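A short worksheet on the structure shown next.
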Amino acid sequence: PARGTTREGNPVSATSARRLMEYTIMNNQFPLPCGIATPQIFTEGPVNMNLVNTYVREVETRGYDSLWVQDQTLGKASSLEPVSLLCYIAAITNRVRLGTSVLVSPNRNPTNLAKTLITLDQMSNGRLVIGIGLGAMSRGQSLFGAPTTNRVQHFIEGILVMKELM
């Protein structure tokens with residue numbers, strides 16, 4: 001059947017879609033790979049690793065395909081660095097894939113980032129999915145030593161360095 005239709009070819013209503021989602025979640029049956037964000041930004045207090053630990057184990061138990069982190073370095077809320085958090089998650093999970101959505105690579109040294117990602121992939125037995133992007137131009141980039149001119153060129157050069165090392 002086409003997307004958005006039943007096996008008989010009838011359109012799926014929003015209510016039917018909601019029921020299907022609730023059924024698949026309750027019965028640990030996902031028709032497509034399904035990932036979910038990992039708690040890593042704590043706006044109402046300090047970092048809560050007990051919450052992260054419980055959440056991550058529950059996600060794996062319920063059959064989710066992957067856990068994802070984002071690259072949010074600056075901000076007022078307490079937050080966890082994404083690659084370090086994935087290393088922690090790799091140590092307490094066995095099956096779930098680990099994803100970066102999206103690492104802002106120009107803010108990082110490409111050689112160091114490649115080595116860190118290779119290490120994480122080895123520690124997780126090949127479960128790492130890497131998302132890398134240029135990121136928006138912001139005042140914060142200069143804090144990391146990131147280039148403020150020729151950003152795309154530097155981004156591409158960094159990707160080429162990482163691909164060579166990986």
Side-chain angles (χ1 to χ4, degrees), residues 1-108 110 112-136 140 159 162-163 165-166:
R3 257 184 217 263
T5 63
T6 64
R7 287 185 184 156
E8 295 78 31
N10 299 321
V12 175
S13 69
T15 303
S16 297
R18 190 176 325 106
R19 285 186 190 138
L20 174 62
M21 181 176 281
E22 289 169 358
Y23 173 82
T24 57
I25 290 170
M26 288 173 28
N27 293 289
N28 296 334
Q29 297 175 5
F30 296 102
L32 297 172
C34 184
I36 192 166
T38 303
Q40 76 180 95
I41 300 172
F42 300 85
T43 57
E44 297 179 8
V47 169
N48 184 342
M49 290 310 293
N50 287 331
L51 170 72
V52 173
N53 188 310
T54 302
Y55 179 87
V56 164
R57 291 175 190 271
E58 185 69 20
V59 163
E60 187 164 58
T61 300
R62 289 185 177 260
Y64 282 85
D65 178 66
S66 54
L67 282 158
W68 293 83
V69 295
Q70 60 180 320
D71 202 359
Q72 173 98 18
T73 311
L74 301 175
K76 294 181 180 182
S78 299
S79 65
L80 296 167
E81 193 280 325
V83 179
S84 300
L85 178 55
L86 287 179
C87 288
Y88 173 79
I89 294 170
I92 62 172
T93 59
N94 296 306
R95 180 198 50 78
V96 69
R97 297 191 54 83
L98 311 170
T100 62
S101 167
V102 161
L103 293 177
V104 181
S105 63
N107 290 353
R108 301 165 183 266
N112 188 42
L113 180 57
K115 181 62 176 173
T116 303
L117 294 174
I118 290 166
T119 300
L120 171 54
D121 194 52
Q122 291 170 340
M123 289 170 36
S124 69
N125 294 316
R127 295 184 286 145
L128 180 61
V129 179
I130 304 168
I132 294 179
L134 178 61
I159 296 292
M162 288 189 290
K163 285 179 84 172
L165 296 171
M166 298 173 109

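Being a predicted model, the structure only gives us computed values, none of them experimental. These values consider heavy atoms only, across backbone and side chains, with no hydrogens, waters or symmetry-generated copies.
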Seminar exercise, completed: Closest non-hydrogen atoms of Ile130 and Met166, given as atom of the first, atom of the second and distance, are CD1-CE, 3.6 Å

Exercise. Are Leu134 and Val104 side-chain neighbours, meaning at least one heavy-atom pair lies under 4.5 Å?
Worked result: no

Seminar exercise, completed: Between Thr116 and the options Asn112, Ile118, Thr119, the side chain to side chain contact (heavy atoms under 4.5 Å, CB included) test singles out Asn112

Exercise. Between Arg57 and Thr93, is any pair of side-chain heavy atoms under 4.5 Å apart?
Worked result: no

Problem set entry | Expected output: side-chain Arg127 to main-chain Val96 donor-acceptor under 3.5 Å | yes

For this session: Start with the C-alpha distance between Val102 and Trp68, add both sets of side-chain angles, then the distance that settles side-chain contact (heavy atoms from CB on, under 4.5 Å), and finish with yes or no.
Result: CA-CA 9 Å; Val102 161; Trp68 293 83; over 6 Å; no

Exercise. Looking at side-chain heavy atoms only, is the closest gap between Leu113 and Ser105 below 4.5 Å?
Worked result: yes

Exercise. Just by distance, do the side chain of Gln40 and the backbone of Val69 share a donor-acceptor pair under 3.5 Å?
Worked result: no

For this session: Verify side-chain contact (heavy atoms from CB on, under 4.5 Å) between Ile92 and Glu60, making sure each step is shown before the conclusion.
Result: CA-CA 10 Å; Ile92 62 172; Glu60 187 164 58; over 6 Å; no

Which atom pairs, donor and acceptor, lie under 3.5 Å between side-chain atoms of residues 84-91 and protein residues at least two apart or in another chain?
unit_1 : atom_1 : unit_2 : atom_2 : d
Ser84  : OG     : Glu81  : OE1    : 2.8
Tyr88  : OH     : Asn53  : ND2    : 3.0

Exercise. Which value, rounded to the nearest 0.5 Å, describes the distance between Arg62 atom CZ and Cys34 atom SG?
Worked result: 12.0 Å

Exercise. Which distance, rounded to the nearest 0.5 Å, do you find between the CD of Glu58 and the OH of Tyr64?
Worked result: 9.5 Å

Problem set entry | Distance-minimising heavy-atom pair for Phe42 and Val47 | CD1-CA, 3.8 Å

Exercise. Is it true that a side-chain atom of Arg97 and a backbone atom of Gly35 form a donor plus acceptor pair closer than 3.5 Å?
Worked result: no

Exercise. Just how far is it from atom CG of Leu117 to atom CG of Asp121, taken to the nearest 0.5 Å?
Worked result: 8.5 Å

For this session: Would you mind checking if Arg108 and Asp71 are paired as a salt bridge, meaning a charged N to carboxylate O distance below 4.0 Å?
Result: yes

Exercise. Which pair of heavy atoms, one from Gly45 and one from Ser78, lies closest together, and at what distance?
Worked result: O-OG, 3.4 Å

Exercise. Can you tell me how far the CE atom of Met123 sits from the CG atom of Leu98, to the nearest 0.5 Å?
Worked result: 10.0 Å

Exercise. Are any of the side-chain heavy atoms of Ile132 and Met162 separated by less than 4.5 Å?
Worked result: yes

Problem set entry | Donor-acceptor contact present, side-chain Thr100 to main-chain Gly131, <3.5 Å | yes

Exercise. When you look at Gln70 and Leu103, which way does the side-chain contact (heavy atoms from CB on, under 4.5 Å) test go after all the steps?
Worked result: CA-CA 7 Å; Gln70 60 180 320; Leu103 293 177; over 6 Å; no

